[in-house]
Each structure stands twice: as structure tokens, then as C-alpha cells.
Amino acid sequence: MQSGIRFASRAFLFHFSCALVLCGAFAQTTTSGHSNTSTDYTHDVYPFLGVDWGGNTFVGAAVPFGAVKLGPDMENFDSRPSGFGYMSGGRILGFSHLHLSGASGKYGSILVAPVTGPLDIADIKSPRSEEVNHPGYYAANLTRYDVKAELTSTRRVGFHRYTFPASQQSHLTVNVAHCLNKGPGSESQRFLGGEVRLLSDHEAEGVGRYAGGWNKGGEYRVYFYMALDTHSTTARTWAGSTLTSAKEAAVSEDQPLGLTFDFQTHARQTIQAKVGISFISTEQARQNVQQEAPAWDLNAVRSASVSLWNQALSKIELHGETESKRIQFYTAMYHTMLMPSDRTGENPLWKSDEPYYDDYYAIWDTYRSSGPLLTLIAPDRQRDLIRSLIDIYRHTGYMPDARSGNDNGRTQGGSNANVVIADAYVKGLTGIDYPTAFQAMLKDTSVPPANAQKEGRGGILDYNAKGYVTLADERSGSRTVEYAYDDFSIAEVACGLNRPDEARTFLSRSHNWENLWDKDLTVEGFKGFLRPRNPDGSWAAPNMLVRGTWPDFFYEGDLWTYSLYAPHDVRKLIELAGGDETFVHRLDNVFLRKHFDVTNEPGFLIPVLYNWAGRPDKTADIVNALLEKAFTDQRSGIPGNDDSGAMSSWFIFQSLGFYPDAGQDFYLIGTPSFPEADIKLSSGKTLRIIARNLDSEHINHYIQSATLDGAPLETSWFRHNQIVHGGTLIFTMGSAPTSWGTTNPPPSISDKDSTLCAAAQHGTQ
């Protein structure tokens, strides 16, 4: 989980008592009063969920995957600005048009703010009251100015409506120099300069140039065109600290830059503004307004946004859930569909007929569950996201692991777009140029990048020569295990493309994680952990940091987490750890001794590892406890950075009762949270999941038996091709474990019957 600016106080390691592992049940006292026939899914979305304690979720108005995310930028009452835009307590600085969700340190561009009274461009801020946010709509009263603000948006246009009091001095301002996380730090943003022009007494245009942010990206330009429905009495600009009557203003460095339209307003007078955003030109920004919001009807724009959200959220319908869980679930779906940003038609760097998306922020976070979720419920969207990744490779030389502001960076671990490609391939996603994607994957494995934090695989020459990354390179432990899994993903695609030599090569390299396994390293009574190696191949001192960062052996994790990372070969991992029983005890220790970090993505698969050791009942215990304890329907309801919906998609899958092993074609069964859930698939068919005997307090969270389309399902896993065309998955629940799911564990490449291209073959059936 990349951080931008972190709220460190929330980066706790989640602790379970023995009672939780044994019982795993938490009370749900609320019953759902929501009609199962309701089609307004947006009613159940609470966008403020996750804004506090580091969730960093977006507050404002956006359409699914929209380029424009129009919302408030704020500071606290000690004048410390938010790194991602919003704060539950503080003052609103204005409403900017570009934001991330679940992350921070980027954007906050083209800040619009209403003002009454004398205009001091250095002091535009206000507390707010009566704040509301629904999908596609935001509103608040700015109490300092007695102005009501209302916002909605299209994909590339922000629509504002401000209700002013009677005032001889009312203003609508645009601040181009503003951006989030602005400063001199290595991950800060910088304003490089820009221009504004007053076109008339109700129109303006301009551009801001920015650089930096968490991804340390190069310059990106945000163009805008603004039209008002009300003629101003005067219009002014500023370049520096002084307002002037000049119709144009420009700065070439970090100085104040903006404009204001001035009015004399009567009580409850509304002034509306449409702001088109473009990354290409002011003329393109104007065309975006004309195409997407031609009329002066905020309610119509809002209604269109709600319709788009309902289409997206309707892919999964719940029945019998509590009100709290319904809110959590549909808010999680909402959060997974805010990013990446669809900027098709807005690529300033090259012309292409392919889709163009930005704000892959970051694939290191989203490949584990967000991508697989879209493959299941929105495969056309996932296909376009992958096509965009491949087109980025064509023109930049790399598929990014992260990208924002039209620039690649940063790569935290492996080249995880490799896993995204493999996941799509083995699940039969068509319409993708897999041969070109394969070439991009091969480049990752062979060409050292000029900047290893920007793209590609750092330490790749050592990895290829020695089978591991040494301490000569940063993040050598987490990189090694991630590269090994990336190599397995390449082997899968090589199989499908009939490239047997590459398939064998990369399948062999997928074992490289074992080269950092010290079988004698003993910690808390357990033997066998990952350990650093010096450049000469000798063992270095064990790395015991709880949560490393960029220069450390493990990135955002520790030896407990990364020593359990071999998603393609959990059977070998269990063997090295001492067998099934010892492995179960090790997992117990991870949860009981505070080694599991629910706030971060590297451990996403750990709760379901029990399934490989024949203990799906323990998976059910842990998943049930996590869902009930770590996630709520409150503002602090996400335990860590949501990271483009990564945390939310983990919650969605686990609540449905199964979880993907991303990059492979099967799902691990945990425990369902709802009596019934219907997943509407692209085939027009429905996958119906029914949990019989499920009680509201989830005492009955153990699966007693299961059937899939009427046939017994004895395993604690199933393949994608068993559900992709619909069907009925029925779980019979009980209050005590049974022998269900204890035999025939999920696949691993070390299985005796494993074949080189098994996953690829399943994906193409």
C-alpha cells in the first residue's frame, strides 16, 4: 500500500485474541429495512466511510472512473492542509476538480471558491455545516460566507451551483496555483506556473502546470474552460499577491495565480458554473463542456451520474443483509470504481485508438483483488484498463506498476502488471493484445530500468544471475518474492501463446523465492523464514523491521508477512515451514501475536492460506473476525489506506464468501456474510450465492457442506470457469467445524499432478 502522506496513528497491527480465533463472531444488532426490490443502490452508499484515520477516500462528485473528481480541499483549524483533500474537522479552501481516492499526494487542481465580503486572495477558507455527499452530488454550507455550495459532475466537467446571500460583494474565484501536498519534499507537488484569461464577463480559461507528488512524476498540465450562467459586474485576475483589472495573467514559477468574477447578489441568488477539464488544451476543455453538460441543469447532470452509478452498483444484489453491512458493501463497490481515471480522448502524449486511463495508483495495491473483481462484474472495463496498460507500454517502454499525472512511477515491488495480464488470460478475457503484453512482460524481466523506482524491475541482473535480489539493491526481499510470482504469471501467458521455452524458463524462475529461504532461521519457535543475502551470496543479518519502506529488505511488511508470500506454490511453502500442522500453528501465531497487518495489501491472501493446510474452519474464523472488527459503516470504517479501492475490494470478495488468488483461475472459499447475493455476469447470467442457516450474529459461520449447480462441492476452492457462466452456489452453515473442505487443497505448482500449463489450459476452456 503506497502511502503518499500517511496517518501513522492508524497503521496499527490488527490483534486477535484466542477467543476470536476460536469463535470469530461479533454481534450485528441492526436489521435491514431496505426493500430487496429497490434499484437505487446509491441510497446505500456512504461516501464519508473511510475518510478518517487514514482511509483517504474521496469526498465529492464523480461518475464511475471519471477523470473529474470534484470535491472540497481542506485544512484543519491549525492550518495544516489535507494531503488527499478532505478532513472531517476543518475548513474548506475551495473545490478542486482532480483527486485520488484512498491515497494522497497528487492533484487538487483548479480550485473554485465562492466568497462574500472584501476579497483577500490569501485568505479564502470557511468552516462548513450541513454537509452531504451522495454518489454524484456534494453539498455544504460555507458558514463564513453564508453560501451554499452544490457540486455534481460528468466524466470531464465539474458542475457548480452556489446560493449566495444578499451582498454587495460576492465573488466566484479560481485558484490555479493551488495543489495538494504542495511543498519542497521529495513526494510533494510543485506548481510550475500557468496562465488565466478572462474571455468575457462570464467566461474564462487557463492552464496550470504541476509536477511531483507521490509518484515523483514529471510535469502535467491541467487546462480549464469555465462558463457561468450569470454575468458578473466586474472580473479580475491576479499574478502574485495583487488583484488587477488585467484580462490575462501568467506566472512562470510558484506564485499565486487566479481570477475572480464579482457580483452584487440578492438573497438566495444562485450562480452556476461549468468547468471543463482537459489535459490537452483549453479548446478541448470547452468542447468537453459543450459535449457533456450543454444545459444549465444541475439536477439533470446529477440524475445522469446517479444512473451511471446504479448501473455499476447493480452488478451485485444482496438479500437478507443488515443495514450496516449493506452500507459497507455498496460503499465498497463505489470506492472500487472511482479509479483508475478514464482519460480516453485526453492523452496529451500520443494519439491512439486505444482506451487511455491514468491514476493506476497503484497496481501493487489493486492487482490482488480490485482487478479480479472487475474481471468478474465489469469485464469490459477491466479489458479497457488492460488495453490502456499495453498501449502505455507501446509508447513509454513499460507497463507501469503505478502511473499518475500522465507519468509512470512508482514501482514498490514487482512488475505487477504481469499478474494483471495473467489474471485476464487464465480467466478467458478476450479483446486484449496478449502477444504485445507478453513482450512487455519479457522486457520487465531483462532490461534494467534507468530509474527502478519509476518502472521495471530494479536489481533484475542480480535476480536473473543469482536467483534473488541481493542487499546491493533496495527492497531485495519483497522484490525477490514478487518477481518470482510475476515470473509464474509470465509462464502462464507463455503457455497460452504456445511459447514453451519461455514457459519453462519462467516456471523455473518462479521458484526463486526459495533462494532467500533460510531453513534454520528460528523466530518465536518457528523455523524457516526469508533472510537477506549479501552481494557475495552469504547470509546477512535477519531483517526484523515491523514495516519496512523504500530502502529496506521488506517493503511495507515484515518477515512474517513476506515469508508467507508464494501465491503459486503454497504447497512448497507449507513443506518448507514444517508441514500442515506446523503451518497452521504458524498462521495462528501470525494472528495471535500481532504479526498480521490488516491495514496493508501484502497480507491480503494470508487469512485464506489455512485452506491449503486443510483448515478452512480457521479461514472462516479469521475472515469473520476481520470483517466484523476491522471494517465498519463509520467515517473510520476502513482500517488503512483504501488505495484506489484495494481495501474495499478485499472486503467485497470476503463478504461474498470467496477470494481470488490473483493471477490464477481459482477462488478460495472463506465464509459468506449474506444469506443471498446475486452476481450479475457479463454473459447475462447470474451467479447466485446462498448461505443457508446463516444467522445475523454469524455464530453459524462454518460451512457444513456446499453445492455448485446441484452437485456437491467438497473442496474449499473452485475455478473461475465453474462460475463465469452463472449458476447457484449453496453453502449450508453451522456453528461448529466439520470435515468439509479439509481434503483436496487448492492448486500449487509443487502438486504431484501439476502440469506446466494447467492454469492456462483452465483459462481457455
Side-chain angles (χ1 to χ4, degrees), residues 1-6 56 83-84 98-109 179-190 192 209-222 279 339-341 343 347-350 356-367 385 388-420 440-441 443-444 447-460 473-475 478-479 482-483 486 549-552 555-556 601 641 643-644 646:
M1 176 179 295
Q2 43 72 26
S3 61
I5 297 174
R6 275 190 197 283
N56 292 1
F84 72 101
L98 299 178
H99 291 90
L100 304 171
S101 185
S104 64
K106 199 76 173 183
Y107 300 132
S109 308
C179 57
L180 297 171
N181 193 30
K182 189 176 182 180
S186 65
E187 295 185 2
S188 299
Q189 287 201 108
R190 304 181 303 280
L192 305 179
R209 299 186 294 112
Y210 314 90
W214 175 83
N215 73 321
K216 298 186 177 182
E219 179 182 324
Y220 66 96
R221 298 185 180 190
V222 181
F279 291 82
M339 291 171 61
S341 302
R343 295 194 186 153
N347 183 354
L349 303 177
W350 63 83
Y356 181 66
Y357 283 76
D358 199 4
D359 300 332
Y360 296 90
Y361 204 103
I363 293 173
W364 186 83
D365 301 294
T366 60
Y367 84 86
L385 288 166
S388 177
L389 286 174
I390 297 169
D391 205 44
I392 291 168
Y393 157 72
R394 293 188 185 104
H395 293 90
T396 73
Y398 286 95
M399 288 191 298
D401 195 57
R403 183 176 176 85
S404 190
N406 300 312
D407 198 5
N408 293 350
R410 302 160 81 188
T411 298
Q412 298 164 97
S415 47
N416 291 303
N418 298 169
V419 183
V420 175
M441 298 162 88
K443 180 175 181 179
D444 286 333
V447 179
N451 181 347
Q453 282 195 13
K454 181 181 177 70
E455 53 206 359
R457 295 190 188 183
I460 191 60
D473 285 283
E474 59 186 10
R475 307 188 305 286
S478 47
R479 275 175 163 170
E482 289 195 33
Y483 291 176
D486 296 338
T549 183
W550 292 97
D552 300 312
Y555 180 76
E556 297 203 1
E601 285 82 3
N641 299 156
D643 285 314
S644 305

Seminar exercise, completed: G458 and A452 have their tightest heavy-atom pair at CA-CB, 3.6 Å
For this session: Determine, for D407 against K454, whether the closest basic-nitrogen to carboxylate-oxygen distance falls under 4.0 angstrom.
Result: yes
Exercise. With distance as the sole criterion, is a donor-acceptor pair present between the side chains of S415 and N418 under 3.5 Å?
Worked result: yes
Exercise. Is there a donor-acceptor pair under 3.5 Å between the side chain of R209 and the backbone N or O of L192?
Worked result: yes
Exercise. What residues, two or more places apart in sequence or in another chain, satisfy side-chain hydrogen bond (donor to acceptor under 3.5 Å, both in side chains) together with R190?
Worked result: none
For this session: Sort and list the pairs that fulfil ring-ring contact (aromatic ring centres under 6.0 Å, His included) and have at least one residue in residues 394-414, not counting sequence neighbours.
Result: W350-H395
Problem set entry | Exercise: identify the closest heavy-atom pair between Y367 and V419 | CD1-CG1, 3.6 Å
Exercise. Which one of Y210, W214, Y220 satisfies the ring-ring contact (aromatic ring centres under 6.0 Å, His included) criterion with Y107?
Worked result: Y220
Seminar exercise, completed: Output for pair (N347 CG, L349 CG), nearest 0.5 Å, gives 5.0 Å
For this session: Using a strict 4.0 Å threshold on nitrogen-to-oxygen distance, state whether D401 and R410 make a salt bridge.
Result: no
For this session: Grab the two heavy atoms, one from S404 and one from L100, that are nearest each other, plus how far apart they are.
Result: OG-CD2, 4.3 Å
Exercise. In terms of side-chain heavy atoms, does E455 have a donor or acceptor partner in N408 at a distance below 3.5 Å?
Worked result: yes
Seminar exercise, completed: Heavy-atom nearest pair, D643 first then A103, reads OD1-CB, 4.2 Å
For this session: For E474 and Q453, test the side chains for any donor-to-acceptor distance below 3.5 angstrom and give the result as yes or no.
Result: yes
Exercise. Without hydrogens or angle criteria, can the side chains of K106 and N181 be said to hold a donor-acceptor pair below 3.5 Å?
Worked result: no
Problem set entry | Working for side-chain contact (heavy atoms from CB on, under 4.5 Å), residues Y555 and E482 | CA-CA 11 Å; Y555 180 76; E482 289 195 33; over 6 Å; no
Exercise. So, D358 side chain and N406 main chain: donor-acceptor pair closer than 3.5 Å or not?
Worked result: yes
For this session: Could you walk me through whether D552 and R475 pass side-chain contact (heavy atoms from CB on, under 4.5 Å), step by step?
Result: CA-CA 5 Å; D552 300 312; R475 307 188 305 286; over 6 Å; no
Problem set entry | Heavy-atom pair with the smallest gap, counting every atom of A362 and S644 | N-OG, 4.3 Å
Exercise. Hey, does P400 have a side-chain heavy atom less than 4.5 Å from the side chain of L389?
Worked result: yes
Exercise. For residues D391 and Y357, is any side-chain donor paired with an opposing acceptor at under 3.5 Å?
Worked result: no
Exercise. Do V420 and M399 touch side chain to side chain, with heavy atoms closer than 4.5 Å?
Worked result: no
For this session: Measure the shortest side-chain to side-chain distance between T396 and R403 over non-hydrogen atoms and say whether it is less than 4.5 angstrom.
Result: yes
Problem set entry | Any donor-acceptor N/O pair, S478 side chain to G413 backbone, under 3.5 Å | no
For this session: Check step by step if side-chain contact (heavy atoms from CB on, under 4.5 Å) holds for F279 and V222.
Result: CA-CA 5 Å; F279 291 82; V222 181; 4.1 Å; yes
Exercise. What pair of heavy atoms forms the shortest contact from S104 to G83, and how long is it?
Worked result: CB-O, 3.4 Å
Problem set entry | Ionic contact status for R457 with D444, cut-off 4.0 Å | no
Problem set entry | Main-chain N/O of S101 paired to N56 side chain as donor or acceptor, under 3.5 Å | no
For this session: Could you give me the CA-CA distance, side-chain angles and deciding distance for H99 and L180, then say whether side-chain contact (heavy atoms from CB on, under 4.5 Å) is met?
Result: CA-CA 9 Å; H99 291 90; L180 297 171; 4.0 Å; yes
For this session: Could you verify whether a donor N or O on one side chain and an acceptor N or O on the other, from T366 and Y361, lie under 3.5 Å apart?
Result: no
Problem set entry | Interatomic spacing from CG in L98 to SG in C179 - rounded to 0.5 Å | 11.5 Å
Problem set entry | Any donor-acceptor pair under 3.5 Å from Y360 side chain to L385 backbone | yes
Seminar exercise, completed: d(I460 CD1, K443 NZ) to nearest 0.5 Å is 13.0 Å
